[in-house]
Amino acid sequence: MALHFSSACLCSLSQMRGQKIRAVAGESSVTFNSEEDKVKLGGSDLKVTKLGIGAWSWGDTSYWNNFEWDDKKLKAAKTAFDASIDCGITFIDTAEVYGSRFSFGAINSETLLGRFIKERKEKDPEVEVAVATKFAALPWRLGRQSVLAALKDSLARMELSSVDLYQLHWPGIWGNEGYIDGLGDAVEQGLVKAVGVSNYSEKRLRDAYEQLKRRGIPLASNQVNYSLIYRLPEQNGVKAACDELGVTLIAYSPIAQGALTGKYTPENPPTGPRGQIYTPEFLTKLQPLINRIKEIGESYNKTSTQVVLNWLIAQENVVPIPGAKNAEQAKEFGGALGWRLTQQEIDQLRSLASELKPVTGFPVEKL
């Protein structure tokens, strides 16, 4: 039988670090342990929680936050970070462009994450946060040294000596072999524990994997847009290649930027740029799937958000990283762990989602 835990319960369990907690439901039981709740990223030695948190919205004013950033949003981001750590979700993904002046942001997400980690460690010196950030493959950046220079700038913003995962945010117009060499150099110089790519097609993924393999360095991950209503990685060979090569697929926008939570309706679409993607027309067609997600969630005492995240985790070799803007969201994400949908439910949701026309993804995925 399935075991069901509320997000509050999961947070309480995770705070009892180093202890094993047995939860009994009928004749079934499960043992929670901080290490057992982690997975290795690809062939690297890096272990992260089965679900991470995306920090794209932290400091951003070009896509999120209704083009505004203030003390209230800053405090909310801080509570999101703390709630995630309290719930045992210690894998946080950011990028040098998130919140940066280059992307017309208010304050760099990396700066905020570094500040949050520092403040947390002052209260809890033993806390460990797995930090992932990304290199922006801008056209004027050439060669392996550009990767190392950008990484060192990121480390300076976060006030860290190294990060756990460093990724190429998207494939460059040119110079990709040099970028991959830069990732390898970063590993050999001890600046990162593992390296990955993002928005890479199957061919680019295989090329990067082989180039790093020649240096004895595993490609740990490929971070791509993947959700119940955006399954391009299954259709373009990326998911299959990740599984074959032992590369972890990190799923960004796993709840389709809120569209799968049930929060938005044809009468209440999202604001800002998201409103151009998740239009009233699309949301109308989405309702049968949203209704079924809600029904399944009610049978498990779970929210729609927790159901769609659990669906992704059930695909195996997938680590979703939903974005958390406040503590409430972060706590809710924790409730996606500790249970599993049945295969029938997984297949039914896929079938319903297949009736929808795919939404817009990241442009470079098809290069």
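Any value given below was found using the heavy atoms of this structure, including those in side chains, with hydrogens, waters and symmetry copies removed.
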Practice task
Mind running side chain to side chain contact (heavy atoms under 4.5 Å, CB included) on T305 and F333 for me, showing each step along the way?
Solution key: CA-CA 7 Å; T305 298; F333 298 154; 3.7 Å; yes
Problem - side chain to side chain contact (heavy atoms under 4.5 Å, CB included) between V48 and K40, worked out - result: CA-CA 6 Å; V48 301; K40 287 182 66 175; over 6 Å; no
Practice task
Quick one: do M158 and V163 satisfy side chain to side chain contact (heavy atoms under 4.5 Å, CB included)? Show the steps, please.
Solution key: CA-CA 9 Å; M158 293 185 282; V163 292; 3.6 Å; yes
Handout entry: Criterion side chain to side chain contact (heavy atoms under 4.5 Å, CB included) on I229 and L286, from CA distance to verdict
Key = CA-CA 9 Å; I229 59 172; L286 185 64; 3.9 Å; yes
Practice task
I would like to know whether R214 and D181 meet salt bridge (charged side-chain N to carboxylate O under 4.0 Å, His left out); could you show each step before the answer?
Solution key: CA-CA 11 Å; R214 288 194 289 271; D181 284 338; over 6 Å; no
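Among residue pairs with one or both ends in residues 311-332, none qualify as ring pair (Phe, Tyr, Trp, His ring centres under 6.0 Å); sequence neighbours excluded. Residue pairs meeting the salt bridge (charged side-chain N to carboxylate O under 4.0 Å, His left out) criterion with at least one partner in residues 246-259, sequence neighbours excluded, are absent.
With sequence neighbours excluded, the residues forming a side-chain hydrogen bond (donor to acceptor under 3.5 Å, both in side chains) with N317 are D243, listed by chain and number. S162 pairs by the side-chain hydrogen bond (donor to acceptor under 3.5 Å, both in side chains) definition with nothing, not counting sequence neighbours. By the side chain to side chain contact (heavy atoms under 4.5 Å, CB included) test, S253 pairs with N225, Q257, sequence neighbours left out. Residues passing the ring pair (Phe, Tyr, Trp, His ring centres under 6.0 Å) test with F81, sequence neighbours excluded: F116. Under the rule for a side-chain hydrogen bond (donor to acceptor under 3.5 Å, both in side chains), the partners of E316 that lie at least two apart in sequence or sit in another chain are R340. Residues that satisfy the side chain to side chain contact (heavy atoms under 4.5 Å, CB included) test with T265, not counting sequence neighbours, are E267, N268. For E281, the side chain to side chain contact (heavy atoms under 4.5 Å, CB included) criterion is met by T279, K285, not counting sequence neighbours. Under the rule for a side chain to side chain contact (heavy atoms under 4.5 Å, CB included), the partners of E188 that lie at least two apart in sequence or sit in another chain are D185, R215, I217. Remark: K263 pairs with no residue by the salt bridge (Lys or Arg N to Asp or Glu O under 4.0 Å) rule, at least two apart or across chains. Take E295 and apply the side-chain hydrogen bond (donor to acceptor under 3.5 Å, both in side chains) test, not counting sequence neighbours, and it matches R292.
Here NZ of K294 is found 10.0 Å from CD of Q287. Values are rounded to the nearest 0.5 Å. From I250, atom CD1 reaches atom SG of C242 across 9.5 Å, with rounding to the nearest 0.5 Å.
A donor-acceptor pair under 3.5 Å links the side-chain atoms of W339 to the main chain of G335, judged by distance alone. Between the E96 side chain and the A136 main chain, a donor and an acceptor come within less than 3.5 Å of each other. Between the side chain of Y226 and the backbone N or O of V318, no donor-acceptor pair lies under 3.5 Å. In this structure, E159 contributes its side chain and L155 its backbone to no donor-acceptor pair below 3.5 Å. Side-chain atoms of N310 come within 3.5 Å of backbone atoms of L341 as a donor-acceptor pair (strictly under, hydrogens ignored). Without hydrogens or angle criteria, D164 side chain to V131 main chain gives a donor-acceptor distance under 3.5 Å. Judged purely by atom type and a 3.5 angstrom limit, Q306 uses its side chain to pair as donor or acceptor with the backbone of T303. Within the 3.5 Å criterion, the main-chain N or O of A256 finds a donor-acceptor partner in the side chain of Y278. Between the side chain of T284 and the main chain of P280, a donor-acceptor pair closer than 3.5 Å is present. A distance-only check finds a donor-acceptor pair linking the side chain of W170 to the backbone of A137 [under 3.5 Å].
Nearest heavy atoms, I290 versus A259: CD1-O, 3.5 Å. Across all non-hydrogen atoms, the minimal contact from A186 to L151 is CB-CD2, 3.7 Å. In this structure, G297 and V307 approach most closely via the heavy-atom pair CA-CG2, 3.5 Å. A pairwise comparison of heavy atoms in V197 and A208 identifies CG1-CB, 4.4 Å as the closest pair. Of all non-hydrogen atoms in N222 and V247, the two that sit nearest each other are N-CG1, 3.7 Å. Contact detail for A327 and T79: the closest heavy-atom pair is N-OG1, 3.4 Å.
Side-chain contact of Y200 with Q223: a donor-acceptor pair under 3.5 Å is absent, judged by distance alone. The closest side-chain donor-acceptor pair between R231 and Q315, if any, does not fall under 3.5 angstrom. Using modelled atom types and a 3.5 Å distance limit, the side chains of N199 and Y252 yield a donor-acceptor pair. Of the N and O atoms on the side chains of T94 and E110, not one donor lies less than 3.5 Å from an acceptor on the other residue. Between the side chains of E177 and Q211, no donor-acceptor pair is found at a separation under 3.5 Å.
Taking the six-membered ring where the residue is Trp, F135 and Y166 present perpendicular rings, their angle passing 60° and hence far from 30°.
Between K50 and L337, the closest side-chain pair of non-hydrogen atoms falls below 4.5 Å. For the pair L249 and S221, the minimum side-chain heavy-atom distance is 4.5 Å or more.
In this structure, D207 pairs ionically with K203, as a charged nitrogen and a carboxylate oxygen lie closer than 4.0 Å. Look at D82 and K123 and you find no salt bridge, because none of the NZ, NE, NH1 or NH2 atoms lies under 4.0 Å from a carboxylate O. With respect to D93 and K134, a salt bridge is recorded, a charged nitrogen being found less than 4.0 Å from a carboxylate O. Ion pairing between D45 and K193 fails under the 4.0 Å rule for side-chain N and carboxylate O. K239 has no carboxylate O lying under 4.0 Å from a charged side-chain N of E202, or vice versa, which leaves the two without a salt bridge.
Aromatic rings from Y98 and H169 are positioned such that their centres are separated by under 6.0 Å.
Environment of NZ in K118: sparse, with no more than 12 heavy atoms of neighbouring residues, nucleotides or ligands closer than 6.0 Å. More than 12 heavy atoms of other residues, nucleotides or ligands shown are found within 6.0 angstrom of NZ on K78. Heavy-atom neighbours of E122 CD from other residues, nucleotides or ligands within 6.0 Å: above the threshold of 12.
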